[in-house]
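Proteins get letters first, then strands, A, B, ... in listed order; numbering begins at 1 in each.
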There are 2 protein chains.
Amino acid sequence: MFLARASDDAGVNLTDLSTRELILHRDELRREYEALQAQRLALDLTRGKPSAEQLDLSEPLLELPGAGKHLAGDGTDTRNYGGLRGLLEIRQIFGELLQVPTEQLIAFGNSSLELMHECLVHAVLFGVAGSVQPWGMGTGTAFLCPVPGYDRHFALCEKLGMKMITVSMDTAGPDMDEVERLVAADAAIKGIWCVPKYSNPSGIRYSAQTAGRLARMSTAAADFRIFWDNAYAVHHLTEARHSVSDILGLATAAGHADRPFVFGSTSKITLAGSGVAFYGASPANVEWLTGHLGKRTIGPDKINQLRHALFLETAIGVHAHMDRHRALLKPKFDLVQGTLAEGLGDSGVASWTVPEGGYFVTLEVLDGCASRVVELAADAGIALTAAGAPFPYGKDPDDRLIRLAPTYPPLSELAEALTGLVVCIKLAAIECLLDDPGTG
Amino acid sequence: MFLARASDDAGVNLTDLSTRELILHRDELRREYEALQAQRLALDLTRGKPSAEQLDLSEPLLELPGAGKHLAGDGTDTRNYGGLRGLLEIRQIFGELLQVPTEQLIAFGNSSLELMHECLVHAVLFGVAGSVQPWGMGTGTAFLCPVPGYDRHFALCEKLGMKMITVSMDTAGPDMDEVERLVAADAAIKGIWCVPKYSNPSGIRYSAQTAGRLARMSTAAADFRIFWDNAYAVHHLTEARHSVSDILGLATAAGHADRPFVFGSTSKITLAGSGVAFYGASPANVEWLTGHLGKRTIGPDKINQLRHALFLETAIGVHAHMDRHRALLKPKFDLVQGTLAEGLGDSGVASWTVPEGGYFVTLEVLDGCASRVVELAADAGIALTAAGAPFPYGKDPDDRLIRLAPTYPPLSELAEALTGLVVCIKLAAIECLLDDPGTG
């Protein structure tokens, strides 16, 4: 599924070498690796966190809304209790960006993951609109997990004991033949995880055809839900502001209005810990979720929503703001591409994605080799996301994918980490090719 | 359980009157009531909400932390992800106020009710430290509900289908003989709701003896929990800053360290919708809750916690701030006392609490009469909390308690509402004494 990028200069393709040549290369790489270890690095490419410079872009939020500015557009005193669905002005901005009618979008809390958890827990305990009974804990409920995917999605299913059924992905989204076959046959399959745009970690975008088939497909479960986590809706890395299909509109048109749960947040737009999260769905689903939320809280932090509305102003304002993020992120992603191409382009032992948005680059190394790369990197002071993280239970059956998160470190640290990573990848590859477990 | 306050001037005791005299009084009160209706009031004493003037006290929060001021004391960039337990500086302030060691207190979200819900849901799904199995949904799990109590506590139990067992309260807390008898006999009883200081709605404070017995008592359930909702820990209405016992310390000393869950929030200290909530418990319980929270979120809004720490500064700062609340609230509570005493002091048909803190006055009217008072008031444009609200399922078996929430309306509106309420109470009482269902 991944696109390797060859460098211009002719490098050595490691897979073409004889055992003797491989041993010579290995010995040289071990010396490079020892030199790397001697640098005593402490670098971190583990998580999709914005950098301090990105957070600086939202500096005005630290003094908004400002003294005396606590009234929302409709006169609501944002300081007091109430307003379970969130402020109209922030829902208007993000309804447009998330393709959800304002009246069907709620703004709640600082974490879309929390809203996903809330949906799952209440489905488990009570069922959703259309359920004949609660989903229940345990393997009586199954979820489709397109892989590679987002580890925190899978962790929610794991926590609730749900069965996770992996489905492979290509550059247009999940294998829809397989998805259609599975959901038609098994009423225990209650949902599917989707990150439709600039997917975590592969960066792919669901095609219109994929979205249409998800919206239309026949499911054995009457209460099937698409968890449409549009986490990177406006997080472009090129000038092309790619769009994905309006899943809510498509499903509604197909007679499955209750099927999609749309999620989003400003965590990677404004401030990662202090943003606003969103949930969009059919009127029946909004009633369902707010009915549950209303028992557990007297309302979200409306001042933070007002603060965000004052700062971002409009959907156009969000796009302009994201252009400033892009200016900071593009050099980092370019550095990843450049360093990997230069170090590994002709090596035959690695390929990687060239994302046009989102927060990650996914590396594909030789089968059985990914966890060794992560181990070598860790021992050289370069922390990578655990190999296997993009798979249910953290287990990559082929042990070949590594998620790189280049956004957080400064450019100079990123360069050091990537240069070191190239050494680790090559060394692990030669060990694999030699069937040598290595000694670290 | 309630303290009536007689007025100085001799009024008419309605319970002493003959039927003929009652009818004369009723006819006069009906004219007063019609005049009240003609005023077309739209007044609201339903919920314990702070007034706009109280919220104004926290005006600086609207522009804190201020540009460039995003680092916590330990260097944490509060803008980014992480920090599941919350910022040290806010936990230090509220650890002192909630009698919880800082390292055992977490600061999370904007709603203590949400944290209570989180504890209950995870106990239902997974059990708590010490559970041999999950609590499970339904009446296999029971909670002790001291009455009158907080309707939103009971609503959580109702939502999860738990059996609610009411226990009466006196001015020292729940009837501990009854509590001890029940929890010793029935392992299905997993918890008790407690608002130990300035209780919602009765205003009482748990005595040291009550707290000690709760901490020490033998429970058939090994995983019994006290939900100690210290919602009004610093919400004094007199100069006496009453304290309650340190339940966590007492339980720990008694060998039941895991028994208390302590909750609190700044909702009625700073901004009702945009405060900070707290959970304090044994190290094992803190591990348990954060283990669950960590699956559903990447951390709380740390900027809001920093904002609060900068504004409140210290526990002493919180007390000084609460003195300013008291200056605004005392005239309202005095008005309640004065109006009720003048209008009902010698009537023999109502008594009421004289709280020294918290947000409520509880009225006790003649048995079977409370819902009629609420109905009459509603029809005269005075919204009261539903009769029965302080009881599980909203059902007061004696139909005699009414919760008054005088904090939100301006003094002039409160005066109008109380004056009208007196008419409604007397009219309903005479209808009851005459066994006349009334015609409204």
Specify which of Met116(B), Lys302(B), Gln54(B), His292(B) makes the most heavy-atom pairs with chain A at under 4.5 Å.
->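 Among Met116(B), Lys302(B), Gln54(B), His292(B), the one with the most close pairs to chain A is His292(B).
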Sort Pro300(A) into side chain, backbone, both or neither according to what part of it lies under 4.5 angstrom from a heavy atom of chain B.
->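 It is the backbone, since no side chain atom gets that close.
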Which value, rounded to the nearest 0.5 Å, describes the distance between Arg152(A) atom CZ and Lys295(B) atom NZ?
->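 Taking CZ in Arg152(A) and NZ in Lys295(B), the distance rounds to 9.0 Å.
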How long is the gap from CG on Asn110(B) to OH on Tyr81(A), to the nearest 0.5 Å?
->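 OH of Tyr81(A) is found 9.5 Å from CG of Asn110(B).
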So, do Asn304(A) and Asn304(B) sit near enough that their side-chain heavy atoms are less than 4.5 Å apart?
->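 No, too far: nothing below the 4.5 Å cut-off.
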Quick check: does any side chain N or O of Asn80(B) sit under 3.5 Å from a backbone N or O of Pro50(A), one acting as donor and the other as acceptor?
->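 It does hold such a pair.
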Going from CD on Glu118(A) to NE2 on His117(B), what distance comes out if it is rounded to the nearest 0.5 angstrom?
->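 Here the rounded value is 6.0 Å.
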Applying ring pair (Phe, Tyr, Trp, His ring centres under 6.0 Å), name anything that partners Phe360(B), two or more places apart in sequence or on another chain.
->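 Result, ring pair (Phe, Tyr, Trp, His ring centres under 6.0 Å) vs Phe360(B): none returned.
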Under 4.5 Å, counting heavy-atom pairs only, tell me which of Gly299(A), Ser111(A), Ala155(A), Ala67(A) racks up the most with chain B.
->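 Ranked by heavy-atom pairs under 4.5 Å with chain B, first place is Ala67(A).
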Option in Leu156(B), Leu125(B), Leu115(B), Leu160(B) with maximal non-hydrogen atom pairs under 4.5 Å from chain A |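 Result: the option with the highest number of such pairs is Leu125(B).
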Once you round to the nearest 0.5 Å, how far does CZ of Arg79(A) lie from CG of Leu271(B)?
->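 Answer rounded to 0.5 Å: 7.0 Å.
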Check whether Ala52(A) gets within reach of chain B through its side chain, its backbone, both or neither, counting any heavy atom under 4.5 Å.
->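 When you check distances to chain B, atoms from both the backbone and side chain of Ala52(A) fall under 4.5 Å.
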Please round to the nearest 0.5 Å and tell me the distance separating atom CD1 of Ile303(B) and atom OG1 of Thr270(A).
->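 Output value for this atom pair is 8.5 Å.
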Do Glu63(A) side-chain atoms and Leu64(B) backbone N/O form a donor-acceptor pair below 3.5 Å?
->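 Not at all, since once roles are kept as given, no pair shorter than 3.5 Å links the two residues.
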Phe126(A) and Met137(B): which non-hydrogen atoms are nearest, and at how many Å?
->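 Heavy atoms of Phe126(A) and Met137(B) come nearest at CE2-CE, 3.6 Å.
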Side chain / backbone / both / neither for His153(A) at chain B, heavy atoms under 4.5 Å =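 No part of it gets close to chain B.
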Side chain, backbone, both or neither of Thr78(B) within contact of chain A (heavy atoms, under 4.5 Å) |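 Contact with chain A is through the backbone of Thr78(B) alone.
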Heavy-atom distance under 4.5 Å to chain B: side chain of Arg307(A), backbone, both or neither?
->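 Only the side chain of Arg307(A) comes within 4.5 Å of chain B.
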Please round to the nearest 0.5 Å and tell me the distance separating atom NZ of Lys69(B) and atom CG of Leu62(A).
->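 CG of Leu62(A) is found 10.0 Å from NZ of Lys69(B).
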Selection from Gly161(B), Gly273(B), Gly275(B) maximising heavy-atom pairs under 4.5 Å formed with chain A |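 Winner by heavy-atom pair count: Gly273(B).
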Residue Phe391(A) excluded, over 12 heavy atoms near CZ under 6.0 Å |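 Yes.
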Give the member of Asp77(B), Asp56(B), Leu61(B) that has the highest number of heavy-atom pairs under 4.5 Å with chain A.
->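 Of the candidates given, the most pairs with chain A belong to Asp56(B).
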Picking from Asp301(A), Thr297(A), Leu306(A), which has the most non-hydrogen pairs under 4.5 angstrom with chain B?
->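 It is Asp301(A).
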